[in-house]
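Okay, so here's the structure we're looking at.
Numbers for residues simply follow the sequence, beginning at 1. Both backbone and side-chain heavy atoms feed into the values below; hydrogens, waters and symmetry mates do not.
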Amino acid sequence: MKQLMFHDDPPFWFETLRNLGLAAYGGSDVGEVIATASRVTSGDYESWHDAWLSTAERLEAEARGSHPVSARDGLLRASSYYRAAEFFLHGHPEDPRIDHAYERGVSCFRDAIAHFPGVTPVEIPYEDTVLHGYFYRAAGEGPRPAVVMHNGFDGAAEELHFSGALGGQERGYHVLTFDGPGQPAAIHRDGPTFRPDWENVVGPVLDFLTRDPGVDPARIALLGVSLGGYLAPRAAAYEPRLAAVVALDGVFDAVSALTAHLPLPHEEAVRRAAAEHDEEMDRLIADARARSPILRWAFDHVRYTGSLRSAPGFSLGVECILWLRRGVLRCRAGRGGRGAAAGLPGGAGGCFVRAVLPVWRQCGSVPVRLGSADRVGVVGGGC
């Protein structure tokens, strides 16, 4: 799509599009999104926060005094705008505005879903804590198929309501959404930090789901969104209880999204980032971060989700590259799972599924039949 706003700031335009995309299931209103974005100064995180917070607060106040249907609809949109308000503040994790906007957004969302039949918040036992999510119970008798949904690098379980969870419930699927380690509910509630070995997250989630007698244990699919398109196939490689996996999109090497903005070949950038001392590399990363709105946001958010504690600056960039790279290497090197390495776009092999996958020659959603277990993987576009 042609970039209509924020021509010099891809992250601001991407987040504007993201909020526009929630409109189909009531997560935003096109006019509200455009009006709010028009008050934002490109590259100014403060103005982004202030504009979206103002819209969210106005909508919440109106919704609280409205007819139940109007209240439901207004609170759903307010929840999205509160989430947008804190999105670019993560470079300073101690900023109280982050938790304020997040908690207001979750409160609005939970008050709204009280008006949807069969949708309830859940707590999923995980190690010595819980993962927070929502269960969407489909209508009808007898065991039903189920879809487990999670986001990736920066999305929340609440956002999945508008991008598949409610739609799945309407079509006869039970749907379980959750925030895993390092995702919003965990971060805001002092929970576990991000981990790349996602099979150790999905396992306890499936334990929880399959205790429900209304779920058909032979028909459970896993769907990962954004970086979740990297995490979900990895989990499926190790988890025999899954009948299908959906990667939306297919993310095969997260670190290459960062090194693409450096004036070095990918492998050299990774190798030099791992060196104990490389002042030139530090300068290159610092300069790239200063020039690139994408790196500025990405480095801040990696620090936020991974509990990295280096001060903002060039050393943070090195730490972020290495942190992401460790996750990629674990997936590539996995030998105990059900997958076999495959040549995939983006330069990453993967312990993907039971059979070797073909190389996708173009972007687009491609169904693939996977071996004797008849598992079907769907990898979304977004090369």
Side-chain angles (χ1 to χ4, degrees), residues 25 113 116-126 131-152 155 157 159-180 198-226 228-250 337-340 342 350-357 365-380:
Y25 273 87
I113 64 169
F116 287 90
V119 184
T120 55
V122 296
E123 293 185 348
I124 302 167
Y126 172 78
L131 303 177
H132 297 271
Y134 301 91
F135 187 66
Y136 295 71
R137 187 174 297 279
E141 299 297 326
R144 311 289 296 181
V147 179
V148 177
M149 297 180 66
H150 60 78
N151 247 304
E159 188 177 10
L160 295 171
H161 176 90
F162 313 108
S163 53
L166 186 61
Q169 182 197 39
E170 291 175 338
R171 290 160 176 80
Y173 292 85
H174 298 316
V175 181
L176 175 61
T177 66
F178 72 95
D179 276 344
W198 210 245
E199 64 275 12
N200 291 314
V201 177
V202 169
V205 172
L206 294 180
D207 292 342
F208 173 84
L209 178 66
T210 54
R211 285 199 292 267
D212 189 315
V215 171
D216 183 346
R219 293 189 292 169
I220 300 175
L222 179 66
L223 187 155
V225 178
S226 189
Y230 180 89
L231 299 171
R234 168 169 176 139
Y238 291 87
E239 182 48 76
R241 290 175 289 181
L242 292 172
V245 58
V246 181
L248 183 68
D249 316 88
R338 296 155 61 83
C351 45
F352 226 53
V353 286
R354 293 186 65 187
V356 175
L357 301 184
S365 294
V366 184
V368 183
R369 191 159 298 282
L370 306 175
S372 60
D374 221 25
R375 295 153 60 86
V376 176
V378 179
V379 178

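Atom CZ of F135 has more than 12 heavy atoms from other residues, nucleotides or ligands within 6.0 Å.
Between L206 and L242 there is a side-chain heavy-atom pair separated by less than 4.5 Å. In this structure the side chain of D207 reaches within 4.5 angstrom of the side chain of R241, judged on heavy atoms.
Atoms CG and CZ, on L209 and F178 in that order, are 10.5 Å from each other to the nearest 0.5 Å. Taken from OG1 in T210 to CG in D216, the straight-line distance is 11.5 Å, to the nearest 0.5 Å. Separating the CG atom in N200 from the CZ atom in R234 is a distance of 8.0 Å, to the nearest 0.5 Å. Note that the CG atom of L160 and the CG atom of L176 stand 10.5 Å from one another [nearest 0.5 Å]. Separation of atoms CG (L248) and CE (M149) is listed at 8.0 Å; rounding is to 0.5 Å.
For A232 against V246, the heavy-atom pair with the smallest separation is CB-O, 4.3 Å. Closest approach of Y126 and P204 over heavy atoms only: CD1-CG, 4.1 Å. Residues H150 and L231 come closest through the heavy atom pair CE1-CB, 4.0 Å. Across all their heavy atoms, A218 and A243 have their closest contact at O-CB, 3.6 Å. Of all the heavy atoms in P117 and Q169, the pair that sits closest is O-NE2, 3.1 Å. Taking each heavy atom of E239 and G203 in turn, the nearest pair found is OE1-CA, 3.9 Å.
A side-chain donor-acceptor contact under 3.5 Å links R144 to the backbone of G172. Side-chain atoms of H174 come within 3.5 Å of backbone atoms of A138 as a donor-acceptor pair (strictly under, hydrogens ignored).
Checked against Y134 for a side chain to side chain contact (heavy atoms under 4.5 Å, CB included), the options D179, V122, I113, V175 give a single hit: I113.
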Before giving the answer on side-chain contact (heavy atoms from CB on, under 4.5 Å), spell out for F208 and L131 the whole-Å C-alpha distance, their side-chain angles and the decisive distance to 0.1 Å.
CA-CA 11 Å; F208 173 84; L131 303 177; over 6 Å; no

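Ring geometry for Y136 against H161 counts as tilted: the plane angle lies between 30° and 60°, on a 0 to 90° scale.
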